[in-house]
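Notes follow the structure.
Counting convention: from 1, in listed order, for ligands and their atoms alike. The figures here come from the full heavy-atom set of this structure, side chains too, leaving out hydrogens, waters and symmetry mates.
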Amino acid sequence: MRRRILLIVVATLAIAACGHNRQGLSFNPNNSREAELTMPDGRVVKYTAYEHLVYVRNVEDTAYQYMNVYVPEGAGKDAPILLRTYIGGYMAAKARAPQAGDASGRALLEGYVVAIPGARGRNSVQDNVYNGRAPQGLLDLKAAIRYLRLFDRVMPGNAERIIVDGTSAGGAMSALVGATGNHPAYEEMLQAMGAAKEKDDVFAAVCYCPITDLEHADMAYEWLFNGTSSRQKNATLLPISNQLKEQFPQYINSLNLKDWNGNPVTADNYMDLLRSELIRSAQTAKNAGADISDTLGFSFNEERMGGMPPINGGKKMALPAMRAPQPQRGEYVVGLDMQRYLNYVASTQPLKTAPAFDTKGVLGQLASAENEEFGGKDGSSVNFTVFSAFKNGTDLSKEVIDNVYLMNPMNFIGIDGKENKNSKDKNSHKVAPHWYIRHGARDRDTGFPVPLNLALKLNEAGCDVNFLFAWNRPHSGDYALDELFAWLRGIM
Ligand code: DHB
């Protein structure tokens, strides 16, 4: 009896010394190091680093499947957690330390806990097995979130206030994490990996230039850019561009989107909607002091679009001569020649070929990043759209169709994603309530409709969405951090 008690005491002490073990995963609060980060303005943030936190029981790739967590001085249990993924190009990303120049460093400065999980990608390979093809990178991020929840009580930071942030393919991952919280479609795979049996929904998703909705991105791209001189002068690409462009209207109409005012969005008014979003982008920049070149296709006026409201209910008063409308000089951006603007976008960086994403085999082209992302464990690459598969005389396998479905956040946003307040089922699907989506106004890595459709669909589903084409930005992320963190303060 005495020996048994002694054993229990020793075991308890051992667990206390080594940390916490739950569900076969562990967190040791004593295993940390102190460090500091110097911000671009010279300010220094002191932090405690908890590194190499393995977030699944059945590790397939030791190089990537762990997470680092950084806790700034003074951060307690209530601190929000910024989960930054460095996935880019659908490639594997290592867990790393916070960077002074991006949202991770800024988050530390703002008192947030920063979590940087590694995640597998299309290029991760161990023992000749490509272990990170779709949807593994997403599953790794979900497993990392589950780990944060599993140890929420013993780790600084509040796992109910996770903000996921990523750029490009990482922006797509951020959108997926935001849209697929707790969704049963991923459950079996997560269990097989040995992820914690916890929820994986998040509080907010920050998506910079998300390269997403991949099976519709080719048609969106050609619908947008078909009229540019770059496409029109390319006799080889133009027939493919024409065919893809023709598929877009049916897709847009099938989405049944509404604009910010609740009006139906259709193929017929979609270009007008894009124009108004780009005008909003330019106007926002102009209000902040930007000089917008006359050559891009915008028109300007001293009056707002549609004219000033009538005074005294009567006819519109004539403006004094001095304030007569002065096109291109006025305070308000009132119009945009879309064709001219799209030619400008294509002039800043050559367009992708057609198809822009599912390239493999079409016109003899090589595999794209996305062809590899949907490829097999043997390192193969595959077509993932009906269009390109058909061009190659092949069909999509069930596995590819399933993976394409799991990798598209658009499939998971809708009525069933709204939180069911009465539901006792802790595993019920939950879409993040808050979204910050940015896409550069001259980003040509995917067509403008891709991020806009994501934003409109979320808005329609009742989410809080802050969307903008960021003026004059190319394909990039984690910019305008003052604005991002002001928004974050607002939603906390
Ligand atoms: C990224 C960029 C692309 O153009 C693309 O097709 C996929 C990913 C990226 O920067 O992550």
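- At a 4.0 Å heavy-atom cut-off, ligand 1 touches Ala169 through backbone and side chain alike.
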Residues Tyr50, Tyr70; criterion side chain to side chain contact (heavy atoms under 4.5 Å, CB included); working and verdict:
CA-CA 6 Å; Tyr50 303 89; Tyr70 301 92; over 6 Å; no
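- Taking atom 1 (C) of ligand 1 as the reference point, the nearest protein heavy-atom neighbour is Ser168 OG, 2.9 Å.
- With ligand atoms numbered from 1 in the order given, ligand 1 contributes 2 (C), 9 (C), 10 (O) to contacts under 4.0 Å with heavy atoms of His475.
- For ligand 1, the atoms lying closer than 4.0 Å to a non-hydrogen atom of Phe357 are 6 (O).
- Nearest protein neighbour of atom 11 (O) of ligand 1, counting heavy atoms only, is Gly89 N, 2.5 Å.
- Listed by atom number, the atoms of ligand 1 under 4.0 Å from Asp445 heavy atoms are 2 (C), 3 (C), 4 (O).
- Side chain to side chain, Asn287 and Thr284 fail the donor-acceptor criterion of an N or O pair below 3.5 Å.
- Residue contact check for ligand 1: Glu370 places a non-hydrogen atom closer than 4.0 Å to it.
- The contact set between ligand 1 and Lys352, taken as ligand atoms under 4.0 Å from a residue heavy atom, comprises 3 (C), 4 (O), 5 (C), 6 (O).
- For Glu277 and Trp260, the side-chain atoms include at least one donor-acceptor pair closer than 3.5 Å.
- Using modelled atom types and a 3.5 Å distance limit, the side chains of Asn408 and Glu215 yield a donor-acceptor pair.
- Checking only distances, Tyr90 never comes within under 3.5 Å of ligand 1, N or O to N or O.
- Which parts of ligand 1 touch Gly88 is read off a 4.0 Å heavy-atom cut-off, strictly below it: atoms 11 (O).
- For the residue pair Thr180 and Lys142, a side-chain donor N or O sits within less than 3.5 Å of a side-chain acceptor on the partner.
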Residue pair Arg43, Thr38: steps toward the side chain to side chain contact (heavy atoms under 4.5 Å, CB included) verdict:
CA-CA 6 Å; Arg43 277 187 283 179; Thr38 304; over 6 Å; no
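- Surrounding CD of Glu399 are at most 12 heavy atoms belonging to other residues, nucleotides or ligands under 6.0 Å away.
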